Amino acid sequence: MLLGSWTNTFIFSWYVMVPLLLCSIISIAIIFERILSLRTDVVIKPSLAQAIHNLGYGGKTTLIEQLSAEEDTALSRLVRACLMYTSWPKEENAEAVQAYARREIVRLERGLVFLEVVTGLGPLLGLMGTILGLIKIFGSAGSAGDLAAQGTQIAAGIAEAMYCTVAGLFVAIPALIAYSLFSRHIEALTIDLETLCSELLGKLYTQSEVTEAV
């Protein structure tokens, strides 16, 4: 019975249900892709982070250079940027790394804008389908001569139209939950990346100062 109602709704309001179905499929694909891409050990390789922690002030960066060259993660790209501009003053190097960091944040947030759009678009599409469905129902209500048959037709039509609103919420709610969780996770990753880069820069320029003093 329920499956038949959903089938009738899909046929009755295909112009709304098809976009909602596409939004749902794309949202699910983005969610699974982001789950895999935003794992902490994928964004911040533990071995490279540990090498930064173990680097002494004035120590050699050979291991860090090797690990960052072997990996293609957000942290390794930022570390390579830090090492690339060591001939610059510390403040200018930090500004250059910030520019790279903004690009990495954009990479981390890839696909999230679509989830954000779906959280608002889903309910609106569902509501539009419901309203247009009700317009069709009440517009054709007078064609039935029997009042009892007419009432049954209207009730069934309203039920089918309301499924559009439910479908919109089904699409929007998972997208909203995923967007909120991913945003908080990216914020935490950004703080970790910023902390590691600041630590590395501090140790790099301490190394330069020690070398000059010698």
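As the structure is a computational prediction, the values presented were derived from the model and not from experiment. All heavy atoms count here, side chains included; hydrogens, waters and symmetry mates do not.
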Please report the shortest heavy-atom distance between [X] and [Y], naming the atom on each side.
{"X": "Trp88", "Y": "Ala96", "answer": "CZ3-CB, 4.1 Å"}
{"X": "Leu67", "Y": "Ala51", "answer": "CD1-CB, 3.8 Å"}
{"X": "Thr86", "Y": "Cys82", "answer": "CG2-O, 3.4 Å"}
{"X": "Lys45", "Y": "Leu75", "answer": "O-CD2, 4.3 Å"}
{"X": "Cys197", "Y": "Leu78", "answer": "SG-CB, 3.6 Å"}
{"X": "Cys23", "Y": "Val171", "answer": "CB-CG1, 4.1 Å"}

Item to check | Connected-component partners of Val113 among ILVMFWY, side-chain separation under 4.5 Å | outcome: none
Next on the checklist: Applying side-chain contact (heavy atoms from CB on, under 4.5 Å) to Leu196 and Val79, what does each step give before you reach the verdict?
Outcome noted: CA-CA 9 Å; Leu196 287 168; Val79 167; over 6 Å; no
Please check if [X] and [Y] belong to a single hydrophobic cluster, counting links between Ile, Leu, Val, Met, Phe, Trp and Tyr side chain heavy atoms closer than 4.5 Å.
{"X": "Leu193", "Y": "Ile105", "value": "no"}
{"X": "Leu20", "Y": "Leu169", "value": "no"}
{"X": "Ile173", "Y": "Met128", "value": "no"}
{"X": "Leu176", "Y": "Leu121", "value": "no"}
{"X": "Phe32", "Y": "Tyr179", "value": "no"}

From [X] atom [atom1] to [Y] atom [atom2], the distance as rounded to the nearest 0.5 Å:
{"X": "Ile30", "Y": "Phe114", "atom1": "CD1", "atom2": "CZ", "answer": "5.5 Å"}
{"X": "Tyr205", "Y": "Leu200", "atom1": "OH", "atom2": "CG", "answer": "10.0 Å"}
{"X": "Gln50", "Y": "Ile64", "atom1": "CD", "atom2": "CD1", "answer": "11.0 Å"}
{"X": "His53", "Y": "Lys203", "atom1": "NE2", "atom2": "NZ", "answer": "8.0 Å"}
{"X": "Ile26", "Y": "Leu21", "atom1": "CD1", "atom2": "CG", "answer": "9.5 Å"}
{"X": "Leu132", "Y": "Leu127", "atom1": "CG", "atom2": "CG", "answer": "9.5 Å"}

Would you confirm whether [X], through its side chain, and [Y], through its main-chain N or O, come within 3.5 Å as a donor-acceptor pair?
{"X": "Arg184", "Y": "Leu181", "answer": "no"}
{"X": "Arg34", "Y": "Leu108", "answer": "yes"}
{"X": "Thr130", "Y": "Gly126", "answer": "yes"}
{"X": "Asn93", "Y": "Tyr85", "answer": "yes"}

Next on the checklist: Working note: Leu83 + Leu204, criterion side-chain contact (heavy atoms from CB on, under 4.5 Å); need CA distance, chi angles, decisive distance, verdict.
Outcome noted: CA-CA 8 Å; Leu83 298 174; Leu204 285 175; 3.9 Å; yes
Next on the checklist: For the CE atom on Met162, are there more than 12 heavy atoms of other groups (residues, nucleotides or ligands in this structure) within a distance under 6.0 Å?
Outcome noted: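 At most 12 heavy atoms, drawn from other residues, nucleotides or ligands, come within 6.0 Å of this atom.
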Checklist entry - Would the number of heavy atoms belonging to other residues, nucleotides or ligands and lying under 6.0 Å from CD of Glu70 be above 12? => result yes
So [Y] and [X], do their side chains get closer than 4.5 Å, heavy atoms only?
{"X": "Leu112", "Y": "Ile186", "answer": "yes"}
{"X": "Leu189", "Y": "His185", "answer": "yes"}
{"X": "Thr73", "Y": "Asp41", "answer": "no"}

Item to check | Residue pairs, two or more places apart or on separate chains, that pass salt bridge (Lys or Arg N to Asp or Glu O under 4.0 Å) and touch residues 108-127 | outcome: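 Every pair satisfying salt bridge (Lys or Arg N to Asp or Glu O under 4.0 Å) with a residue in residues 108-127: Glu33-Arg110.
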Item to check | Arg103: partners by salt bridge (Lys or Arg N to Asp or Glu O under 4.0 Å), with sequence neighbours left out | outcome: none
